[in-house]
Amino acid sequence: MDEHAQNFGNHLLIALPSLQDSYFERSVTLICQHDDDGAMGVVINRPSDYTVGEVLQQMGVSCSDNGLKAQLVLNGGPVHPERGFVVHDGDKAWDSTLSIGDGLFLTTSRDVMEAMARGEGPPQALVALGCAGWGAGQLEQELTDDSWLLVPNRQDVLFELPMAQRWQAAAGSIGIDLLNHASHSGHA
């Protein structure tokens, strides 16, 4: 990246009320990668119609952990909706893992799901289908256009809060109440 450019990796991207995109309305996206070519992230507050158990069954992987099987899979974004993404902590290496930062990772290989099914997976994990992507300079322009609020990532928002609370809690982490935020903005 340009030495003066800011890297937004390991930040939460929060849709402002002014964002006029039905897919991303009230969304919170974990930015997993950001460089000169663009950005990639996973929406962390949109449940899909699937559970982890159903995904494991489609993969042909057996699992006896009812809690894991009942976990909702996230609708991670409109890009590659057929592809699985696991956002997780832990220190074990998997076949295809990207370090997001601060002990947080994104894995796209089957081995992490197999390990989760055996009870040997990462301590905390979110499973998503699909991701979100931005071309070179697109995310920066959308931030300038006041479509998004960018805040440092908080693992409690990722792993502890119910999905319905993540949008307001992520913004609240820097003192902003989105429910009282105007649905329009301007530049002086």
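Here, residue 1 is the first one in the sequence, and each next residue gets the next number.
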**Student:** Could you tell me which non-hydrogen atom of His34 sits nearest to which non-hydrogen atom of Ala39, and how far apart they are?
**Tutor:**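 Residues His34 and Ala39, closest heavy atoms: CD2-CB, 3.7 Å.
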
**Student:** Quiz question: by atom type and distance under 3.5 Å, do the side chains of Asp177 and Gln168 form a donor-acceptor pair?
**Tutor:**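 The criterion, which ignores hydrogens and geometry beyond distance, is satisfied for Gln168 and Asp177.
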
**Student:** Do Leu178 and Pro17 have side-chain heavy atoms sitting under 4.5 Å apart?
**Tutor:**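 Yes - at least one pair of side-chain heavy atoms lies under 4.5 Å apart.
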
**Student:** Looking at SG of Cys32 and CG of Leu106, how far apart are the two atoms once the value is rounded to the nearest 0.5 Å?
**Tutor:**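 Going from the SG atom of Cys32 to the CG atom of Leu106 covers 4.5 Å.
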
**Student:** From Glu120 CD over to Lys92 NZ, what is the distance, rounded to the nearest 0.5 angstrom?
**Tutor:**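 The CD atom of Glu120 sits 6.5 Å away from the NZ atom of Lys92.
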
**Student:** Taking Gln124's backbone N and O only, do any of them form a donor-acceptor pair with Asp89's side chain (distance below 3.5 Å, no angle check)?
**Tutor:**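 Yes; at least one donor-acceptor contact below 3.5 Å.
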
**Student:** Between Phe8 and Glu140, is any pair of side-chain heavy atoms under 4.5 Å apart?
**Tutor:**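 Result yes, sub-4.5 Å side-chain heavy-atom pair found.
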
**Student:** Does one hydrophobic cluster hold both Leu139 and Leu150, with members joined at side-chain heavy-atom distances below 4.5 Å?
**Tutor:**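 They do share one cluster, since a chain of ILVMFWY contacts under 4.5 Å joins Leu139 to Leu150.
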
**Student:** Of the non-hydrogen atoms in Pro78 and Phe24, which two are nearest, and what is the gap between them?
**Tutor:**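 For Pro78 versus Phe24, the nearest heavy atoms are CD-CZ, 3.9 Å.
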
**Student:** For Thr29 versus Ala132, what's the shortest heavy-atom pair and its separation?
**Tutor:**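 Heavy atoms of Thr29 and Ala132 come nearest at CG2-CB, 4.5 Å.
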
**Student:** Between Asp35 and Asn7, does the side chain to side chain contact (heavy atoms under 4.5 Å, CB included) criterion hold? Intermediate values first, please.
**Tutor:** CA-CA 7 Å; Asp35 57 28; Asn7 184 328; over 6 Å; no

**Student:** Give the minimum heavy-atom separation between Ser62 and Ala117, together with the two atoms involved.
**Tutor:**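 Here Ser62 and Ala117 meet closest at O-CB, 3.5 Å.
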
**Student:** Within the 3.5 Å criterion, strictly below it, is a donor on Thr97 or Thr107 matched to an acceptor on the partner's side chain?
**Tutor:**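 A pair is found: one side chain offers a donor N or O, the other an acceptor, under 3.5 Å apart.
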
**Student:** Test side chain to side chain contact (heavy atoms under 4.5 Å, CB included) on Leu74 and Met163; report intermediate values, then the result.
**Tutor:** CA-CA 9 Å; Leu74 298 169; Met163 281 186 239; 3.3 Å; yes

**Student:** Given a cutoff of under 4.5 Å between side-chain heavy atoms of I, L, V, M, F, W and Y, with clusters grown through shared members, what are the other residues clustered with Val86?
**Tutor:**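 Its cluster mates, by chain and number, are Tyr50, Val52, Val55, Leu56, Met59, Val61, Leu68, Val73, Trp94, Val112, Met113, Met116, Val127, Leu129.
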
**Student:** Can you spot which of Thr144, Asp145, Leu149 makes a side chain to side chain contact (heavy atoms under 4.5 Å, CB included) with Ser147?
**Tutor:**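 That would be Asp145; it is the only one of Thr144, Asp145, Leu149 passing the side chain to side chain contact (heavy atoms under 4.5 Å, CB included) with Ser147.
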
**Student:** Return yes if some donor-acceptor pair links the side-chain N/O of Asn75 with the main-chain N/O of Pro47 below 3.5 Å, else return no.
**Tutor:**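 No: the side chain of Asn75 does not pair with the backbone of Pro47.
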
**Student:** Looking at residues at least two apart in the chain, or sitting in another chain, which of them share a salt bridge (charged side-chain N to carboxylate O under 4.0 Å, His left out) with Glu82?
**Tutor:**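 Partners of Glu82 under the salt bridge (charged side-chain N to carboxylate O under 4.0 Å, His left out) test: none.
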
**Student:** Nearest 0.5 Å please: distance from the OG1 atom of Thr51 over to the CD atom of Gln57.
**Tutor:**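 Between atom OG1 of Thr51 and atom CD of Gln57 there are 8.5 Å.
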
**Student:** Can you give me the closest heavy-atom contact between Phe85 and Thr108, atom names plus distance?
**Tutor:**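 Reported closest heavy-atom pair: CD2-CG2, 3.6 Å.
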
**Student:** Look at the side-chain heavy atoms of Ile, Leu, Val, Met, Phe, Trp and Tyr, link any pair under 4.5 Å apart, and say whether Trp167 and Ile174 land in one connected group.
**Tutor:**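 Yes.
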
**Student:** Can you tell me if Ser109 uses its side chain to pair, donor with acceptor, with the backbone of Ser96 under 3.5 Å?
**Tutor:**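 Side chain of Ser109 to backbone of Ser96: a pair is present.
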
**Student:** Distance from Ser27 atom OG to Leu19 atom CG, nearest 0.5 Å?
**Tutor:**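 Here the interatomic distance stands at 7.0 Å.
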
**Student:** Taking a hydrophobic cluster as the set of Ile, Leu, Val, Met, Phe, Trp and Tyr residues connected by side-chain heavy atoms closer than 4.5 Å, whether directly or through intermediates, do Val157 and Val42 fall within one such cluster?
**Tutor:**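 Linked within one cluster.
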
**Student:** Could you check if a side-chain atom of Phe105 sits within less than 4.5 angstrom of a side-chain atom of Asp91, using non-hydrogen atoms only?
**Tutor:**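 They are not in side-chain contact.
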
**Student:** What do the steps show when you test Leu104 against Asn153 for side chain to side chain contact (heavy atoms under 4.5 Å, CB included), and what is the final call?
**Tutor:** CA-CA 10 Å; Leu104 192 63; Asn153 179 32; 3.2 Å; yes

**Student:** For Gln138 and Glu142, does a side-chain donor sit closer than 3.5 Å to a side-chain acceptor?
**Tutor:**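 Distance-only check passes for Gln138 and Glu142.
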
**Student:** Sort out for me which residue in Leu16, Ile14, Leu143, Leu12 forms a side chain to side chain contact (heavy atoms under 4.5 Å, CB included) with Trp148.
**Tutor:**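 Exactly one candidate clears the test, Leu143.
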
**Student:** Let me check something: do Leu13 and Tyr23 share a hydrophobic cluster, defined by ILVMFWY side-chain heavy atoms less than 4.5 Å apart, either directly or through other members?
**Tutor:**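 Yes, Leu13 connects to Tyr23 through the hydrophobic network.
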
**Student:** When rounded to the nearest 0.5 angstrom, what distance separates CE in Met40 from CG in Leu98?
**Tutor:**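 Those atoms lie 7.5 Å apart.
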
**Student:** Looking only at non-hydrogen atoms, find the nearest pair between Ala170 and Ser173 and report the distance.
**Tutor:**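 Looking at all heavy atoms of both residues, the closest pair is O-OG, 2.5 Å.
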
**Student:** Check the surroundings of atom CG in Asp102: do more than 12 heavy atoms from other residues, nucleotides or ligands lie under 6.0 Å from it?
**Tutor:**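 Counting other residues, nucleotides and ligands, CG of Asp102 stays at 12 neighbours or fewer.
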
**Student:** Less than 4.5 Å apart, any side-chain heavy atom of Leu126 and any of Ile44?
**Tutor:**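 Side-chain contact under 4.5 Å: yes.
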
**Student:** Quick one: CZ on Arg166 to CG on Leu161, what's the gap to the nearest 0.5 Å?
**Tutor:**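 It comes to 7.0 Å.
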
**Student:** Partners of Asp49 by salt bridge (charged side-chain N to carboxylate O under 4.0 Å, His left out), sequence neighbours excluded?
**Tutor:**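 Residues passing salt bridge (charged side-chain N to carboxylate O under 4.0 Å, His left out) with Asp49: none at all.
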
